[in-house]
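Working notes, structure below.
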Amino acid sequence: MIKIDLAGQIAIVTGGNRGIGDAIASTLLKAGASVAAVDLNMENHEYDKAKYLPIQSDVSDFDAAKTVVKQVFDRFGRIDIIVANAGINRDQVLWKMTKENWEDVIKVDLGGAFNYFAAASLIMKEQRSGKLIAISSINGLRGKFGQTNYSAAKAGVVGLVKAAAKELGKYSVRANVVAPGFIITEMTDRMPQKFKDAAIDETALKKAGRTDDIANAVVFLASDLSSHITGEIIKVDGGQYI
Ligand code: NDP
């Protein structure tokens, strides 16, 4: 029987309060890991307090990321898994894109991944093990109308992960990307219905994804089942971008 067992593993999930991030935290917990969930606003979650640490912090703050990583290391004694999931979108066509909307998305979606990977990489290098996982988007791979900022940030994390995979591979630290397609969450709930229908119609499977679909791919990449996979992108999109 193949079993995913992350017992004893310590994970940080950014944007872990809700949506895909909460599903990732909950699935990692089910696989036996301990999880620190980092978010701008952490609500109450009914998880085992011995294995779940909610932390309020802004991922776009470089120094705060270092502090959070140290806090988790001090509490649990190691860091095995970082899931850079926190993300925002501020959609606008290029000719109307404001400097603020550009910078906010780059700071959170790309900067947040950099801040956490940079802070954890020294610990993982010394441990000679670790898994860095970034949540990108198929729109970072193909570009999306109205999302120059988001597509650039999400493409940026792919470059970040590939370079990190090369730098850290010899220390047995792996770095990979999960690129979701259309997943039902609060982020996508705000989309007008006709855009949701169009996204579903693009998929080969003719359905939207669930947060658990992303969480399952993350847990696979966090586990030894993927021990020879690094620098890779796994699209979880129902065939939306084939
Ligand atoms: P949600 O908007 O539902 O959740 C995102 C979470 O990130 C929220 O809890 C949010 O906090 C948090 N967050 C935002 N900014 C920061 C910050 N500066 N510091 C810390 N936490 C922050 O999004 P999803 O769950 O849908 O998306 C998760 C990831 O998946 C994102 O990176 C997104 O780009 C990506 N993705 C999602 C797709 C989808 O279809 N849903 C498709 C492709 C990619 P708060 O609640 O306070 O705003």
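Read the numbers this way: they start at 1 and go in the same order the structure lists the ligands and their atoms.
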Review point. Is it the case that more than 12 heavy atoms not belonging to K162 sit under 6.0 Å from its NZ atom?
Key: no
Point to revise | Atom CG of D74: over 12 foreign heavy atoms under 6.0 Å | key: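 Atom CG in D74 is packed in, count exceeds 12.
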Winner among [options] once heavy atoms are compared against [atom]:
| atom | options | value |
| --- | --- | --- |
| atom 8 (C) of ligand 1 | I138, D39, I24 | D39 |
| atom 18 (N) of ligand 1 | I55, D58, D22, V83 | D58 |
| atom 23 (O) of ligand 1 | E186, M187, E43 | M187 |
| atom 37 (C) of ligand 1 | I183, V13, I20 | I20 |

What part of [X] sits under 4.0 Å from ligand 1 if we count only heavy atoms: the side chain, the backbone, both or neither?
| X | result |
| --- | --- |
| S136 | backbone |
| T185 | side chain |
| V59 | both |

Those atoms of ligand 1 less than 4.0 Å from some heavy atom in [X]:
| X | result |
| --- | --- |
| G19 | 25 (O) |
| N41 | 47 (O) |
| A86 | 7 (O), 21 (N), 22 (C), 32 (O) |
| I88 | 14 (C), 15 (N) |
| N85 | 28 (C), 29 (C), 30 (O), 31 (C), 32 (O) |
| Y150 | 33 (C), 34 (O), 35 (C), 36 (N), 43 (C), 44 (C) |
| T188 | 39 (C), 40 (O), 41 (N) |
| F182 | 40 (O) |

Just to confirm my output: which protein heavy-atom neighbour is closest to [atom], and how far is it?
| atom | value |
| --- | --- |
| atom 30 (O) of ligand 1 | I135 CG2, 3.4 Å |
| atom 48 (O) of ligand 1 | R18 NH2, 3.3 Å |
| atom 7 (O) of ligand 1 | G15 CA, 3.4 Å |
| atom 38 (C) of ligand 1 | G181 O, 3.9 Å |
| atom 5 (C) of ligand 1 | G87 O, 3.9 Å |
| atom 43 (C) of ligand 1 | P180 O, 3.4 Å |
| atom 17 (C) of ligand 1 | L40 CG, 3.5 Å |

Check your understanding: Is there at least one pair of N or O atoms, one from N17 and one from ligand 1, spaced under 3.5 Å apart?
Key ->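 In this structure, N17 places no N or O atom under 3.5 Å from an N or O of ligand 1.
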Check your understanding: Under 3.5 Å, N or O to N or O, is R190 touching ligand 1 that way?
Key -> no
Exercise for review: List in chain and number order the residues that pass salt bridge (Lys or Arg N to Asp or Glu O under 4.0 Å) with D201, two or more places apart in sequence or in another chain; answer none if no residue qualifies.
Suggested key: K206
Check your understanding: Is a side-chain N or O of R78 found less than 3.5 angstrom from the main chain of Q9, in a donor-acceptor match?
Key -> no
Residue-ligand contact [X]/ligand 1, heavy atom below 4.0 Å:
| X | answer |
| --- | --- |
| S57 | yes |
| K154 | yes |
| A23 | no |
| G16 | no |

Practice item. Answer yes or no: is there an ion pair linking D213 with R210, defined by an N-O contact shorter than 4.0 Å? Key: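 R210 and D213: salt-bridged.
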**Study point:** Lys/Arg N to Asp/Glu carboxylate O, E202 vs K144, below 4.0 Å
**Key:**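 Here E202 does not pair with K144 in a salt bridge, since their nearest N and O are not under 4.0 Å apart.
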Regarding [X] and [Y], do their side chains bring together a donor and an acceptor under 3.5 Å, going by distance alone?
| X | Y | result |
| --- | --- | --- |
| K235 | Q240 | no |
| D91 | Q147 | yes |
| Q92 | N101 | no |

Exercise for review: Could you tell me how the ring of W95 sits relative to the ring of F145: parallel (under 30°), tilted (30 to 60°) or perpendicular (over 60°)?
Suggested key: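 W95 vs F145 ring planes: perpendicular.
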Please give me the minimum heavy-atom distance between [X] and [Y], naming the atom from each residue.
| X | Y | answer |
| --- | --- | --- |
| Q71 | L53 | NE2-CD2, 4.5 Å |
| S223 | I4 | CB-CG2, 3.9 Å |
| A86 | G15 | CB-N, 3.6 Å |

Review point. Looking at F182, is K196 sitting on its ring face, NZ or CZ under 6.0 Å from the six-membered ring centre and within 45 degrees of the normal?
Key: no
Point to revise | Where at least one partner belongs to residues 7-36, residue pairs that pass salt bridge (charged side-chain N to carboxylate O under 4.0 Å, His left out), sequence neighbours excluded | key: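 Checked against salt bridge (charged side-chain N to carboxylate O under 4.0 Å, His left out) - neighbours excluded - the pairs reaching residues 7-36 are R18-E186.
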Review point. How long is the gap from CG on N17 to CG on D39, to the nearest 0.5 Å?
Key: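 Between atom CG of N17 and atom CG of D39 there are 4.5 Å.
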